[in-house]
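The structure appears right after this line, and notes come after that.
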Amino acid sequence: QVQLVESGGGLVQAGGSLRLSCAASGRIFSINNMGWYRQAPGKQRELVTAITSDHNTNYADSVKGRFTISRDNAKNTMYLQMNSLKPEDTAVYYCNARVQTKSLTLIFENTYWGQGTQVTVSS
């Protein structure tokens, strides 16, 4: 099986920075697209940013210029550098990955989610 584990959340004042990490482990053959989602209380989960295996990225308008996604394919790890944080960035942040696993000659692709990490930005 595959596990995604996030770390790096916490409490920060407005204008501050945090760096989230998402480490994938298990019987991984390869990882395709990865992304960060967030869910604030009473709101739907939304895509914050995503990155392809060859490092193409896209961002939600609300975080452009403030957040930076990156990944280290050798470590099966994705990062989210969050700068100039605002109270409206407060949410549980989840990592997401399309992961291929291999069994004998068969390759399977599934979507996996991390358990989430809380980010709280105080005003």
Side-chain angles (χ1 to χ4, degrees):
Q1 266 294 0
V2 174
Q3 299 82 36
L4 301 182
V5 178
E6 300 107 334
S7 60
L11 173 64
V12 65
Q13 288 189 332
S17 298
L18 283 174
R19 189 188 193 216
L20 306 183
S21 298
C22 171
S25 62
R27 300 183 65 178
I28 296 170
F29 179 71
S30 69
I31 303 178
N32 293 327
N33 290 0
M34 303 182 78
W36 289 97
Y37 288 72
R38 67 186 181 187
Q39 186 167 19
K43 295 188 176 181
Q44 288 191 329
R45 190 173 297 190
E46 63 175 358
L47 176 64
V48 177
T49 178
I51 186 168
T52 66
S53 57
D54 55 357
H55 304 274
N56 291 313
T57 61
N58 64 75
Y59 297 89
D61 288 342
S62 59
V63 305
K64 280 180 182 177
R66 300 187 298 120
F67 290 11
T68 302
I69 189 172
S70 61
R71 62 190 284 176
D72 184 334
N73 290 336
K75 296 181 179 179
N76 289 333
T77 301
M78 174 178 63
Y79 306 95
L80 181 63
Q81 178 66 43
M82 304 185 293
N83 298 327
S84 302
L85 282 161
K86 304 175 181 180
E88 51 263 43
D89 295 317
T90 295
V92 177
Y93 283 71
Y94 298 90
C95 68
N96 168 284
R98 290 287 294 176
V99 180
Q100 290 187 334
T101 56
K102 187 176 181 181
S103 176
L104 299 177
T105 60
L106 298 177
I107 294 176
F108 303 90
E109 184 168 294
N110 291 288
T111 298
Y112 294 88
W113 291 89
Q115 81 286 354
T117 186
Q118 177 71 47
V119 171
T120 303
V121 184
S122 62
S123 57

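Keep in mind that what you see is a predicted model, and the values were worked out from it rather than measured.
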Query raised in the report: D72 and T77: side-chain donor and acceptor closer than 3.5 Å?
Result: no
Query raised in the report: Under a single-linkage definition using a 4.5 Å side-chain heavy-atom cutoff for Ile, Leu, Val, Met, Phe, Trp and Tyr, are V121 and W36 assigned to the same hydrophobic cluster?
Result: yes
Query raised in the report: Tell me, which pairs form a ring-ring contact (aromatic ring centres under 6.0 Å, His included) where one or both residues lie in residues 39-85, sequence neighbours left out?
Result: none
Query raised in the report: side chain to side chain contact (heavy atoms under 4.5 Å, CB included) between M78 and S21: does it pass, once the steps are laid out?
Result: CA-CA 6 Å; M78 174 178 63; S21 298; over 6 Å; no
Query raised in the report: Would a 4.5 Å heavy-atom cut-off, applied to side chains only, mark M82 and Y93 as touching?
Result: yes
Query raised in the report: Side-chain heavy atoms under 4.5 angstrom apart, residues restricted to Ile, Leu, Val, Met, Phe, Trp, Tyr: same cluster for V92 and W113?
Result: yes
Query - Heavy-atom pair with the smallest gap, counting every atom of A14 and S123 - result: CB-CA, 4.4 Å
Query raised in the report: Does L11 sit in a hydrophobic cluster with other residues, and if so which ones, taking ILVMFWY side chains as linked at heavy-atom separations under 4.5 Å, directly or through other members?
Result: none
Report summary line: For N32, the side chain to side chain donor-acceptor pair (under 3.5 Å) test, sequence neighbours excluded, returns E109
Query raised in the report: Roughly how far, to the nearest 0.5 Å, is CG of N33 from OG of S53?
Result: 7.0 Å
Report task. I would like to know whether I51 and N56 meet side chain to side chain contact (heavy atoms under 4.5 Å, CB included); could you show each step before the answer? Result -> CA-CA 5 Å; I51 186 168; N56 291 313; over 6 Å; no
Requested in this report: Of all the heavy-atom pairs spanning V63 and V48, show the shortest one and how long it is.
Outcome: CG2-O, 3.8 Å
Query raised in the report: Taking NZ, NE, NH1 and NH2 as the nitrogens, is one of them in K64 or D61 under 4.0 Å from a carboxylate oxygen of the other?
Result: yes
Report summary line: Separation between SG (C95) and CD (E6), nearest 0.5 Å, reads 4.0 Å
Query raised in the report: Do you see a donor-acceptor pair shorter than 3.5 Å between the side chains of T111 and R98?
Result: yes
Report task. Classify the side-chain pair S122/Q13 by whether it contains a donor and acceptor separated by less than 3.5 Å. Result -> no
**Report entry** Atom pair CZ/CG of R38 and L20 - distance to nearest 0.5 Å
**Finding:** 11.0 Å
Query - Straight-line distance of L4 CG to N96 CG, nearest 0.5 Å - result: 7.5 Å
Query - Nearest non-hydrogen partners of Q1 and Y112, listed with the distance - result: OE1-CE2, 3.5 Å
Query raised in the report: With distance as the sole criterion, is a donor-acceptor pair present between the side chains of T90 and E88 under 3.5 Å?
Result: no
**Report entry** N/O donor-acceptor pair under 3.5 Å between R66 side chain and Q81 backbone
**Finding:** no
Query raised in the report: Roughly how far, to the nearest 0.5 Å, is the OG atom of S7 from the CZ atom of R19?
Result: 9.5 Å
Report task. Mind checking the CZ-CE spacing from R71 to M34? Nearest 0.5 Å is all I need. Result -> 5.5 Å
Query raised in the report: Does R45 make a cation-pi contact with Y94 (under 6.0 Å, within 45 degrees of the axis)?
Result: yes
**Report entry** Distance-minimising heavy-atom pair for G9 and V119
**Finding:** CA-CG2, 4.2 Å
**Report entry** Where I69 and G35 come nearest, the two heavy atoms and their spacing
**Finding:** CD1-CA, 4.5 Å
**Report entry** Worked verdict on I31 versus N76 for side chain to side chain contact (heavy atoms under 4.5 Å, CB included)
**Finding:** CA-CA 8 Å; I31 303 178; N76 289 333; 3.6 Å; yes
**Report entry** Stepwise side chain to side chain contact (heavy atoms under 4.5 Å, CB included) check, I107 with T101
**Finding:** CA-CA 6 Å; I107 294 176; T101 56; over 6 Å; no
Query raised in the report: Considering only heavy atoms from C-beta outward, does the side chain of L47 approach that of N58 to under 4.5 Å?
Result: yes
